[in-house]
Amino acid sequence: MWPWVVTTIVRMVVNTAFRLLYPFVPELSREFGVSPEALTAAISARGVMGLISPAVGAAADRLNRRTLMLLGLGGVGLALLLIGSTTSLAVLAIGSALLAAAKLAYDLGVLAHI
């Protein structure tokens with residue numbers, strides 16, 4: 001029972017972290033000194049990471065599902081640390097793309113586990 005509860009809570013936190021930037025675009029754009037459109041474009045660059053899903057799926061076949069989940073969680077943590085500590089729009093875009101790739105890996109590991 002507890003693994004399902006923990007998995008559900010962790011997945012909720014990862015999904016919230018993935019979607020959390022959009023409500024704060026006006027404040028973040030003022031902080032970064034760029035237009036809201038430029039910031040939204042940088043954040044939306046993570047959508048391109050969906051193109052790597054076949055490669056992550058192949059990695060899921062080669063790796064243990066728990067290993068893929070842990071790699072995904074580590075990547076999410078690293079991406080959030082990168083996003084939270086930057087004042088550069090390029091680093092924000094890179095961190096956002098890393099967050100998308102890590103979330104993809106975690107989600108595939110969870111779905112394989114289920």
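Numbering of residues begins at 1 and proceeds along the displayed sequence. Small disclaimer: the values here were computed from a predicted structure and weren't measured.
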Heavy-atom pair of closest approach, residues V10 and Y106: CG1-OH, 3.3 Å

Single-linkage hydrophobic cluster, 4.5 Å side-chain cutoff, V6 and I114 together: yes

For the student: nearest non-hydrogen atoms of M49 and A100, plus distance: CB-CB, 3.9 Å

Co-membership, hydrophobic cluster, residues Y22 and F32, 4.5 Å side-chain: yes

Side-chain heavy-atom pair R11, V14 within 4.5 angstrom cut-off: no

Single-linkage hydrophobic cluster, 4.5 Å side-chain cutoff, W2 and I9 together: yes

Value rounded to 0.5 Å, distance of CZ in R66 from CG in L68: 13.0 Å

Heavy-atom donor-acceptor pair, T8 side chain to W4 backbone, under 3.5 Å: yes

Separation of K103 NZ from L108 CG (nearest 0.5 Å): 9.5 Å

Close side-chain approach of L82 and L99, heavy atoms under 4.5 Å: no

Check: L63 and L71 side chains under 4.5 Å, non-hydrogen atoms: yes

Non-hydrogen atoms of V34 and A38 that approach each other most closely: CB-CB, 4.3 Å

L92 vs L28 side-chain heavy atoms within contact, under 4.5 Å: no

L73-L78 co-clustered via ILVMFWY side chain contacts under 4.5 Å: no

Distance-minimising heavy-atom pair for A105 and G72: CB-CA, 4.2 Å

V25 and I43: CA distance, side-chain angles, deciding distance, side-chain contact (heavy atoms from CB on, under 4.5 Å) verdict: CA-CA 9 Å; V25 165; I43 295 170; 4.3 Å; yes

Nearest atoms (heavy-atom pairs only) where P23 meets P26: O-CD, 4.0 Å

F18 side, atom CZ; L104 side, atom CG - distance, nearest 0.5 Å: 9.0 Å

Non-hydrogen atoms of I52 and A101 that approach each other most closely: CD1-CB, 3.8 Å

Gap between atom CG of N15 and atom CG of L20 - 0.5 Å precision: 12.0 Å

Nearest-0.5 Å distance that lies between atom CZ in R62 and atom OG1 in T67: 13.0 Å

F24 reachable from L21 in the ILVMFWY side-chain graph, under 4.5 Å edges: yes

Interatomic spacing from CZ in R65 to CG in L70 - rounded to 0.5 Å: 12.0 Å

